Number of protein chains: 2
Amino acid sequence: MNDKEKALIEAKANILKALGHPTRLWMAEQLAGGERCVCELAENIDADFSTISKHLTILKQAGVVIDEKRGKQVYYKLKVPCILNFMPCVEAVLQANAQTHIDLLK
Amino acid sequence: MNDKEKALIEAKANILKALGHPTRLWMAEQLAGGERCVCELAENIDADFSTISKHLTILKQAGVVIDEKRGKQVYYKLKVPCILNFMPCVEAVLQANAQTHIDLLK
DNA sequence: TGCATATATGGTAGTTTGACCAAATATAAA
DNA sequence: TTTATATTTGGTCAAACTACCATATATGCA
């Protein structure tokens, strides 16, 4: 693997890593339904505001979301909406895992 | 968010997290081309064998891959092949990010 | 059986992450 | 301009991650 390929795979892994935290994945799923301000997201997350803000920063740095300040509030939205298209497949993995457990019990 | 929803999002995030490491993502991409034994994967990774083995264990525990021992070797393959279907979109994010940088330079 | 090969596991050290608190910044309203 | 609200930033600390080394296990062959 050369340097270019390595940089590419690192960049891609970084995006998946950004989505690989429950709070951040939940945020992304919320944003799939349209933009939200930080306060709206915060309503349903049991964590410090600063924690929420940092999670959003990570999503932003990964390029998953973009933000826009309007008045006192900051609105976030998905930068490339297709980013959640693969969730059905992620769920298929969960299904397959569950099936494995069931099989083990037989 | 209730307990069930929380458990679901955690399970999904865990899968993304497993793929959110360059070495593991690379492995998954290799396996998209068909099963490989550990030694074949190791050929192209500059890391200790034990490290490689542990990465594969993480993918296995996440349910992304399954393994099968045949003779002296252990073969790994994707458990649910669609898991890499979204890479084009991940790449679209990278494209969008690159575009943002270009725009900033204008 | 004894040895070499393939892979996994246990232990350890350095690095990164994630949560909270406190403080800073920005904006709108009084 | 003072005040309240919305969000971000900096600091700290415990927990989790990752890499390496050494060691253990399993299998096929001599």
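Order of the sequence lines sets the chain letters (A, B, ...), proteins ahead of strands, with each chain counted from 1. Computed from a predicted model, the values in this text were never measured in an experiment.
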Would you confirm whether B/Arg36, through its side chain, and B/Leu41, through its main-chain N or O, come within 3.5 Å as a donor-acceptor pair? no
Measure OH/A/Tyr75 against C1'/D/dT7 and give the value in whole Å, please. 13 Å
C/dG18, OP1 or OP2 - any side-chain N/O from A/Arg24 closer than 4.0 Å? yes
A/Thr51 side chain near C/dC20 phosphate (N/O to OP1/OP2, under 4.0 Å): yes
In whole Å, I'd like the distance from the CG atom of A/Asp48 to the P atom of D/dG11. 17 Å
Would you say a side-chain N or O of B/His21 is under 4.0 Å from OP1 or OP2 of C/dT16? no
What's the CD1-C1' distance between B/Ile52 and D/dA19, to the nearest Å? 11 Å
Among B/Leu78, B/Val64, B/Ile83, which one satisfies side-chain contact (heavy atoms from CB on, under 4.5 Å) with B/Leu31? B/Leu78
Starting at atom CG of A/Asp67, determine the distance to atom C1' of C/dT25, rounded to an integer number of angstrom. 15 Å
Quick check on the hydrophobic clustering: are A/Val74 and A/Leu59 connected, directly or via other members, by side-chain heavy-atom contacts under 4.5 Å? yes
For D/dC17, take OP1 and OP2 only and decide whether either is under 4.0 Å from a side-chain N or O of B/His55. no
For the pair made of NZ in A/Lys72 and P in C/dA29, what is the distance, rounded to whole Å? 7 Å
Are A/Thr51 and A/Lys54 close enough that some pair of their side-chain heavy atoms sits under 4.5 Å apart? no
Looking only at D/dT7, D/dA26, C/dT7, the nucleotide nearest the A/Phe49 side chain is D/dT7
Whole angstrom is fine here: how far is it from NZ in A/Lys60 over to P in D/dT7? 13 Å
Using whole Å, report how far CG of B/Asp46 lies from C1' of D/dC20. 12 Å
Reckon B/Tyr76 has a side-chain N or O less than 4.0 Å from the OP1 or OP2 of C/dA6? no
With nearest nucleotide decided by heavy atoms, which residue, A/Ser50 or B/Glu40, maps closer to the 5′ end of DNA chain C? B/Glu40
Ignoring hydrogens and angles, tell me if any N or O in the side chain of A/Asn14 forms a donor-acceptor pair with the backbone of A/Glu10 under 3.5 Å. no
Among the nucleotides D/dT18, D/dT7, D/dT9, which one has an atom lying closest to any side-chain atom of B/Ile58? D/dT18
Gap between atoms CD and C1', on A/Glu68 and D/dT8 respectively (whole Å): 18 Å
If you go through the side-chain atoms of A/Lys54, does one of them form a donor-acceptor pair with the base of D/dG11 closer than 3.5 Å? yes
